Amino acid sequence: MSDQRNFVILLGPPGAGKGTQATRASLRTGLLHVSTGDLFREHLRNGTELGNLAKSYMDKGELVPDDVTIRMLLERIDRDDASAGCLLDGFPRTREQAEALDEALTSRSGAVAATVLIDVSDEVVNNRLGARISCSSCGTVFHKHFNPPDDANPCCDNVDLVQRDDDQPEAIALRLQVYSDQTAPLIAYYGTAGKLRRVNGDQSPGEVEDDVYASLRELIE
Ligand code: ADP
Ligand code: ADP
C-alpha cells in the first residue's frame with residue numbers, strides 16, 4: 001500500500017449488505033471499518049446528547065443532519081487506528097457529505113480510492129431488513145433465515161438478538177425513498193470521478209465478498 005491513506009466507500013441502499021461486506025473486506029484488506037450508523041448507535045447506548053439527537057431521526061428513517069454527521073465522522077477518521085485509511089460504510093449519504101469528505105481528505109493525506117456500489121433491488125432490501133437481527137452486546141449482524149447465528153459458536157456469552165427499531169415497514173419504506181432522493185445521486189458523483197465499481201449484491205455473502213475484494217485488490221497489492 002502507498003503512503004497515501006486510502007478511503008473506500010461502500011455505497012448501496014439500506015440492507016444491501018454494506019455492513020456485512022465491510023466487516024469481511026476489513027479482514028481481507030486490513031482497513032478499518034467505520035460505520036456512521038454504528039457510531040450513532042454507540043452514542044445512543046452511551047446516552048450522549050448526540051445519540052439522543054440521532055435517535056429522533058433514525059427511528060423515523062430520516063437522515064441525521066449533515067453538520068453533526070460530518071463532525072462525528074471526521075473525529076473518527078482522525079484517530080490513530082485510521083492512519084492507513086478506512087472502509088466507510090453508510091457515509092457519505094448526501095452530496096454535502098461527499099464534498100465535505102473530499103475537502104477533509106485533501107488536508108489529511110488521503111483520498112477516496114474507490115467507491116463500491118452494492119446493487120440490490122427493493123424486493124431484496126425488504127426481505128433482508130424485515131428479518132435482520134443483531135447481537136445487543138457486540139453488534140454482529142445476522143439474518144433470521146439467510147444468515148442465522150451458529151448456536152454452537154455464539155458471538156457472545158448470553159447472546160441477546162434484537163431487531164433494530166428502524167427495521168420496521170414504515171421506516172424501511174422511508175429509508176428507501178431517502179436513499180433514492182439523497183444518496184443515489186452519489187453514484188453519478190463518484191462515477192464521473194472514475195471511482196465507481198459495481199457489485200451484484202444479490203448473490204451469496206461469499207460471492208459478494210469475492211467481487212468486492214476483486215474490485216479493491218489493486219489498491220492493496
Ligand atoms: P446494510 O449495512 O447495507 O444495511 P447489512 O450488512 O446489515 O446491510 O445486511 C442486511 C441484512 O441482510 C442482514 O440481516 C444480513 O445478515 C443480510 N445479508 C447481508 N448480505 C446478504 C447476502 N448476500 N445474502 C443474504 N442476506 C444477506
Ligand atoms: P442502513 O444502511 O441499514 O440503513 P445504517 O446503520 O447505515 O443503516 O444507518 C441507520 C440510520 O443512521 C440511518 O437511517 C440514518 O438515520 C442514520 N445515519 C447513518 N449514517 C448516516 C449518514 N451518513 N448521514 C445521515 N444519517 C445517517
Side-chain angles (χ1 to χ4, degrees), residues 9-26 33-44 50-51 53-74 76-77 87-101 116-121 123-135 139-150 155 161-168 170-183 186 199-212:
I9 295 167
L10 290 173
L11 196 62
K18 301 180 298 296
T20 302
Q21 294 304 328
T23 304
R24 290 167 180 241
S26 173
H33 172 190
V34 172
S35 153
T36 39
D38 286 348
L39 291 174
F40 285 133
R41 284 184 287 274
E42 191 183 321
H43 272 279
L44 187 59
L50 172 58
L53 172 84
K55 184 173 167 54
S56 63
Y57 294 92
M58 292 167 83
D59 281 355
K60 284 184 270 179
E62 293 172 4
L63 293 183
V64 180
D66 282 332
D67 55 346
V68 284
T69 304
I70 292 166
R71 213 175 315 126
M72 177 183 72
L73 188 275
L74 295 186
R76 182 65 191 90
I77 68 172
L87 284 158
L88 298 178
D89 155 18
F91 185 96
R93 265 172 147 101
T94 64
R95 190 177 172 106
E96 188 171 339
Q97 292 179 14
E99 289 174 349
L101 179 66
V116 182
L117 171 66
I118 305 181
D119 236 344
V120 289
S121 64
E123 190 191 343
V124 168
V125 165
N126 281 307
N127 289 338
R128 287 191 185 168
L129 295 187
R132 169 163 64 183
I133 42 176
S134 50
C135 172
T140 302
V141 173
F142 302 97
H143 188 281
K144 284 182 191 163
H145 316 296
F146 306 146
N147 176 27
D150 178 359
C155 54
L161 295 164
V162 292
Q163 195 157 21
R164 272 171 42 178
D165 290 341
D166 56 345
D167 280 345
Q168 302 299 332
E170 255 181 50
I172 293 173
L174 186 67
R175 281 154 67 202
L176 279 171
Q177 191 60 50
V178 167
Y179 174 77
S180 124
D181 293 344
Q182 302 199 55
T183 309
L186 298 182
V199 166
N200 173 11
D202 192 8
Q203 310 179 80
S204 72
E207 288 168 324
V208 181
E209 175 186 337
D210 287 344
D211 285 357
V212 170

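Computation of the quantities below employed the complete heavy-atom set of this structure, encompassing side-chain atoms and omitting hydrogens, waters and symmetry-equivalent molecules. Atoms within each ligand, like the ligands themselves, are counted from 1 in listed order. As the structure is a computational prediction, the values presented were derived from the model and not from experiment.
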For [X], take its heavy atoms, then give the atoms of ligand 2 lying under 4.0 Å from any of them.
X    : result
R41  : 6 (O), 10 (C)
T69  : 22 (C), 23 (N), 24 (N), 25 (C)
R175 : 1 (P), 3 (O), 4 (O)

Show the numbers, then the answer: is there a side chain to side chain contact (heavy atoms under 4.5 Å, CB included) between L101 and L88? CA-CA 11 Å; L101 179 66; L88 298 178; 3.8 Å; yes

Would you mind telling me if ligand 1 is within reach of the side chain of S204, the backbone, both or neither, using heavy atoms under 4.0 Å?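 For S204, the contact with ligand 1 is made by the backbone alone.
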
Do me a favour and list the nearest non-hydrogen protein atom to [atom] with residue, atom name and distance?
atom                    : answer
atom 27 (C) of ligand 2 : F40 CE1, 3.7 Å
atom 2 (O) of ligand 1  : G19 N, 2.9 Å
atom 18 (N) of ligand 1 : R128 CD, 4.0 Å
atom 14 (O) of ligand 1 : F142 O, 2.8 Å
atom 16 (O) of ligand 2 : E62 O, 2.6 Å
atom 8 (O) of ligand 1  : G17 N, 3.2 Å
atom 26 (N) of ligand 2 : V64 N, 3.1 Å
atom 15 (C) of ligand 1 : T20 OG1, 3.9 Å
atom 23 (N) of ligand 1 : Q203 O, 2.8 Å
atom 24 (N) of ligand 2 : Q97 NE2, 2.9 Å
atom 20 (N) of ligand 2 : T36 OG1, 2.8 Å
atom 4 (O) of ligand 1  : G15 N, 2.8 Å

Compute the shortest N/O to N/O distance between [X] and ligand 2 and return yes if it is under 3.5 Å, no if not.
X    : answer
R132 : yes
D166 : no
L63  : no
R164 : yes
Y57  : no

Do side-chain atoms of [X] reach the backbone of [Y] as a donor and acceptor pair under 3.5 angstrom?
X    : Y    : value
H145 : N127 : no
E99  : T94  : no
Q163 : G130 : yes
K18  : G12  : yes
Q97  : R93  : yes

Side-chain heavy atoms of P205 within contact of F146, under 4.5 Å: no

Quick one: CG on N147 to CZ on R128, what's the gap to the nearest 0.5 Å? 10.0 Å

Kindly compute the distance separating CE (M58) from CG (L53), expressed to the nearest 0.5 Å.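 If I round to the nearest 0.5 Å, the distance is 11.0 Å.
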
May I have the step-by-step check of side chain to side chain contact (heavy atoms under 4.5 Å, CB included) for L50 and R71, ending in yes or no? CA-CA 11 Å; L50 172 58; R71 213 175 315 126; over 6 Å; no

Determine whether E62 and V178 satisfy the following criterion, side chain to side chain contact (heavy atoms under 4.5 Å, CB included), listing intermediate values before the conclusion. CA-CA 7 Å; E62 293 172 4; V178 167; 5.5 Å; no

Under 4.0 Å from a heavy atom of [X]: which atoms of ligand 1 are those, numbered in the order shown and with their elements?
X    : answer
N147 : 16 (O)
F146 : 25 (C), 26 (N)
H143 : 14 (O), 16 (O)

Would you call D165-R41 a salt bridge at under 4.0 Å N-O?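 No, this pair does not count.
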
Would V124 and S121 count as a side chain to side chain contact (heavy atoms under 4.5 Å, CB included) here? Give the steps. CA-CA 5 Å; V124 168; S121 64; 3.4 Å; yes

Using side chain to side chain contact (heavy atoms under 4.5 Å, CB included) as the criterion, point out the one residue from L39, D89, L87 that pairs with V34.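 Result for side chain to side chain contact (heavy atoms under 4.5 Å, CB included) with V34: L39.
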
Could you please spell out the steps behind the salt bridge (charged side-chain N to carboxylate O under 4.0 Å, His left out) verdict for D167 and R175? CA-CA 10 Å; D167 280 345; R175 281 154 67 202; 3.0 Å; yes

Out of R93, M58, K18, whose heavy atom sits nearest atom 5 (P) of ligand 2?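 Looking at heavy atoms only, the winner is R93.
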
Taking both backbone and side-chain atoms of A16, is any N or O found less than 3.5 Å from an N or O belonging to ligand 1?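 Min N/O separation from ligand 1 is below 3.5 Å for A16.
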
